[in-house]
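Reviewing the structure listed below.
Here the structure is a predicted model, which means the values were calculated and not measured. Labels below follow one simple rule: chain letters A, B, ... track the order of the sequence lines, proteins then strands, and each chain is numbered from 1.
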Amino acid sequence: MCLHEITTVSQSHCFKVETLNVMATQVFGPSQSVVAGVWFLNPSRINNTKQVEFTKVAADPSIVNLGQGLPDICPPSYVKEELAKAAAVDRLNQYTRGFGHPSLVKALSQVYERVCGRKIDPLTDILVTVGGYGSLFSTIQALIEEGDEQLLHSNNACFVFIYFSKKNGGNPASSADWVLDPAELASKFNSKTKAIILNTPHNPIGKVFTREELQVIADLCIKHDTLCISDEVYEWLVYKGNKHIKIATLPGMWERTITIGSAGKTYSVTGWKLGWSIGPQNLIKHLQVVHQNTLYTCPTPLQEALAQALWVDYKRMDDPDCYFYSLPRELESKRDRMAQLLQEVGLRPVVPEGGYFMIVDVSTLNVDLSDVDENQPYDYKFVRWMISSKKLSAIPLSAFCGPETKRQFEKYIRFCFIKGLETRNMDDIANNWVVR
Amino acid sequence: MSRPVQARRLEGVDKNIWVEFVKLAATYSTVNLGQGFPDFPPPEFLKEAFSRAVSGEKHMLHQYTRAFGHPPLVKILAQLFGKLLGRDLDPMTNVMVTVGAYQALFCCFQAFIDEGDEVIIIEPFFDCYEPMVKMAGGTPVYVPLRPKAPKEGKLMSSADWQLDPAELASKFSEQTKAIVLNSPNNPLGKVFSRGELELIADLCVKHDALCISDEVYEWLVYDGKEHIRIASLPGMWDRTVIIGSAGKTFNVTGWKVGWTVGPNRLLQHLRTMHQNSVYHCATAAQDAVAQGFQREFEHYGKPDSYFVQLPRELQQKRDQLVQSLVAVGMKPIIPEGTYFLVADISEFKSEVPDVPNSDEPYDSRFAKWMVKNKGLAAIPLSAFYCGAHKNNYNSFIRFCFAKDATLKAADDILQKWKLEKAAP
């Protein structure tokens with residue numbers, strides 16, 4: 001059986017990567033009486049029982065919930081209006097073109113032609129999917145061969161975790177302090193490496209890969225004839241001093257890269273679950289085959305509304321009021337306020353260069369939780385303690401990690417800052433920390 | 001790349017009849033009775049519900065909801081199907097929402113089918129079952145519905161297409177993991193009778209097989225027929241996944257909201273598959289569908305229930321189309337359910353001659369000819385058969401009659417055609 005390897009550039013992409021393990025696994029192998037295939041992961045991890053647990057706790061309105069990774073700010077009004085308009089047209093409540101509603105793929109091709117500086121064929125180079133998540137799934141199913149359980153348990157894994165090295169001796173203050181180790185990355189590539197998964201801007205660290213780092217990855221892809229699956233759902237959310245660079249625009253990369261985008265992250269409408277994959281026809285055609293055999297089409301009125309919203313912003317891409325630029329400006333000030341607040345209460349935030357998450361080192365507070373359940377990682381215990389005593393919720397970072405790296409990350413928790421965060425809330429949070 | 005770039009699981013699943021025929025219908029300006037979607041609006045109460053969800057106060061309806069189904073929707077589905085099945089359903093564990101029934105089917109095959117597993121598919125079948133089984137590594141095993149001659153002077157009914165019990169039994173083996181049941185059936189419109197369902201149920205129980213029950217057309221049954229849910233038969237609840245569709249229930253195929261209902265021991269695996277493929281379904285449409293179901297639950301069985309009015313309306317359209325097809329010389333098979341109708345076109349071999357030893361089935365060539373020469377689109381029945389059986393029933397085409405203006409336009413074409421045939 002041919003084994004393909006995939007290298008992922010991020011250990012904190014762990015959760016998603018292990019999910020991808022499952023995505024790539026064709027259901028071969030021993031079956032139990034009902035379930036086919038071998039799910040290599042701890043079911044409770046897949047079922048996210050821990051996240052469900054935290055979500056329930058944080059449903060308490062007296063708790064400020066900065067854990068959940070979704071906006072509680074409003075999407076722009078024209079986006080909502082376009083959806084209302086679309087749903088009023090009878091034809092738009094019925095099936096549309098399977099691989100993407102014509103007006104949407106046209107709008108996407110225009111926006112991205114402008115960004116990438118190359119011609120993009122709306123019918124052959126784009127697939128519209130159910131969220132960025134759906135794009136990842138279609139890509140993996142289309143291009144990655146299944147792995148063997150035995151091999152996955154050994155170090156010849158399909159998915160390999162790459163460790164970033166931290167500059168400045170291990171106390172990062174910015175996501176820029178997490179850098180790629182070129183030698184280590186190179187050591188993970190071999191003749192069986194089918195693809196590398198890149199996520200920039202990165203969830204949850206917030207790192208925006210530099211051109212140099214992308215070049216390191218590109219060189220390796222070209223050398224080993226490897227594909228690149230580039231998850232760029234946070235592409236517009238980059239903060240001052242940073243630039244989002246599409247690896248597909250580097251020489252030799254267009255023909256081997258699938259770039260993934262998301263309406264949910266672009267327009268603060270995560271509940272629309274629309275995403276897209278863009279790439280060369282010879283790769284996208286395989287994603288289209290997966291799509292036609294999995295869900296066939298995405299919802300029509302949402303696609304039409306998204307198309308109209310994209311036209312609005314396409315026309316003002318030279319204008320600072322374009323939502324692609326105004327949203328990151330809004331988020332940057334929320335980021336800064338949150339970072340300041342967290343520092344004031346004695347925590348150490350890792351200020352992100354992009355995305356809408358911030359990871360925070362909580363070990364600085366030295367909260368003694370040794371009497372609580374030994375088996376739980378520190379960050380889980382900390383978040384529980386923080387919820388009950390500080391009325392603030394976040395997500396423990398080790399929830400995103402595989403078993404090898406859990407212990408390394410248990411001093412970090414993740415906050416989401418695409419939140420209303422009224423001044424009143426911020427004062428409440430600060431007060432709760434001061435009053436012990 | 002020197003080796004193929006695509007994964008092997010894509011072998012043999014790349015062709016798709018819809019991609020081909022939708023393109024064809026779009027290329028020629030046709031009156032399209034091919035693809036199955038309505039040309040009339042969804043009910044007002046549903047449009048209003050969607051409008052409220054999108055523009056109303058609850059702006060969080062534009063954000064992620066619960067991955068396995070928006071709470072108001074799974075709650076009302078559990079209530080309604082609990083009532084229909086006569087059992088207590090837990091919305092969190094016995095119901096899961098999917099991106100259309102299509103994704104529900106995909107989750108079922110991926111969750112339950114392993115390499116070497118056999119899946120029984122009754123022909124003619126909704127074409128996606130075959131590639132989905134193959135993509136999961138399974139082996140499809142086909143068993144045909146066989147037409148019995150109708151009574152003298154009467155048109156054939158979809159009820160005249162039946163399974164041969166001995167033949168069906170012979171298809172079950174040690175390797176049989178599941179059977180796919182689609183009732184009411186697309187494309188024939190057959191509504192399986194209690195006796196037929198019992199036959200299938202007995203075999204499932206005997207061979208410990210699962211039943212994937214695609215019931216998307218559950219509300220579209222005519223002539224007083226009853227849609228019976230196989231999961232309500234003895235021994236079946238525990239081994240059946242029922243699949244439903246808001247698209248077909250409320251005429252909103254473009255919303256892509258579907259669901260699965262079944263025992264937790266089966267649904268837990270669908271949840272695993274779901275969270276590893278799409279994770280969440282879009283929120284606003286789920287909210288609107290929940291409200292639509294709430295309204296229907298309150299009006300259940302009453303004359304103003306959409307579930308009563310829609311089939312009544314569609315039955316009239318069915319009858320209208322039947323008349324027009326008879327007039328032009330086709331022999332329609334009266335469907336007991338769905339909004340599809342299959343017609344026998346063997347009388348047209350004089351107008352569109354058969355080509356012996358052709359790779360393409362006759363009905364496919366006829367359908368293409370009809371698109372180009374009559375401006376009317378329908379789907380060849382052979383599209384609903386596996387490769388090896390495409391020529392077994394190759395003189396039938398499928399029409400969709402969930403149409404208003406399009407049906408009238410089709411009627412004009414058929415009348416004109418009838419006159420052309422009569423002309424010397």
Top contributor to chain B interface from A:N93, A:L83, A:V79 [non-hydrogen pairs under 4.5 Å]: A:N93
Charged N-O contact under 4.0 Å between B:D14 and A:K285: no
Ring pair (Phe, Tyr, Trp, His ring centres under 6.0 Å) evaluation trace for B:W255 with B:F250: CA-CA 10 Å; B:W255 287 20; B:F250 289 112; 8.4 Å; no
Region of A:Y267 in contact with chain B, defined by heavy-atom distances below 4.5 Å: neither
Residues A:C221, A:M253; criterion side chain to side chain contact (heavy atoms under 4.5 Å, CB included); working and verdict: CA-CA 8 Å; A:C221 285; A:M253 289 306 286; 4.0 Å; yes
Residue, of B:A101, B:G254, B:G138, that accumulates the most heavy atom pairs under 4.5 Å with chain A: B:G254
Side chain to side chain contact (heavy atoms under 4.5 Å, CB included) evaluation trace for A:Q141 with B:M135: CA-CA 10 Å; A:Q141 283 284 302; B:M135 236 177 106; 3.7 Å; yes
Residue part contacting chain B, namely of A:L283, when any heavy atom lies under 4.5 Å: side chain
B:F50 versus chain A, the contacting section by heavy-atom distance below 4.5 Å: side chain
Contact winner vs chain A - B:A67, B:P131, B:G100, B:A53, heavy-atom pairs under 4.5 Å: B:P131
A:L287 and A:L143, any side-chain heavy atoms less than 4.5 Å apart: yes
Contacting moiety of B:Q35, where chain A heavy atoms sit under 4.5 Å: side chain
Mutual orientation of the aromatic rings belonging to B:F68 and B:H274 [parallel < 30°, tilted 30-60°, perpendicular > 60°]: tilted
Ring pair (Phe, Tyr, Trp, His ring centres under 6.0 Å) between B:F401 and B:Y339, intermediate numbers included: CA-CA 6 Å; B:F401 55 86; B:Y339 45 49; 7.2 Å; no
When A:E81, A:K80, A:K273 are compared by non-hydrogen pairs under 4.5 Å with chain B, the top option: A:K273
For chain A, the option from B:V257, B:T283, B:T253, B:V54 that forms the most heavy-atom pairs under 4.5 Å: B:T253
Side chain, backbone, both or neither of B:K23 within contact of chain A (heavy atoms, under 4.5 Å): neither
Segment of A:T96 engaging chain B (4.5 angstrom heavy-atom cut-off): neither
Ring geometry between B:F125 and B:Y129 (parallel below 30°, tilted from 30 to 60°, perpendicular above 60°): parallel
Heavy-atom contact with chain A under 4.5 Å, split by part of B:P41: both
Proximity breakdown for A:L302 and chain B, heavy-atom pairs closer than 4.5 Å: side chain
Pair A:E82 + A:K85: basic N to acidic O under 4.0 Å: yes
Residue part contacting chain A, namely of B:C107, when any heavy atom lies under 4.5 Å: neither
Winner by heavy-atom pair count (cut-off under 4.5 Å) against chain B, out of A:A142, A:G69, A:S268, A:G131: A:A142
Test side chain to side chain contact (heavy atoms under 4.5 Å, CB included) applied to B:L105 and B:D214, step by step: CA-CA 8 Å; B:L105 284 161; B:D214 177 353; 4.1 Å; yes
Short N-O contact, B:D208 and B:K177, less than 4.0 angstrom: no
Among the listed options A:V89, A:T300, A:D90, the residue most often paired with chain B at heavy-atom distances under 4.5 Å: A:D90
Options B:T65, B:T98, B:N251, ranked by heavy-atom pairs under 4.5 Å with chain A, top entry: B:N251
Contact origin within A:A305 toward chain B - heavy atom pairs under 4.5 Å: neither
Geometric class of the B:F112/B:H269 ring pair [parallel <30°, tilted 30-60°, perpendicular >60°]: perpendicular
Max heavy-atom pair count under 4.5 Å with chain A, selected residue of B:F106, B:W18, B:F37: B:F106
Heavy-atom pair count under 4.5 Å with chain B, highest-scoring of A:V290, A:V289, A:L295: A:L295
B:E20-B:N16 side chain donor-acceptor pair, cut-off 3.5 Å: no
Pairs of heavy atoms under 4.5 Å with chain A: top-ranked of B:H280, B:K47, B:Q286, B:R239: B:H280
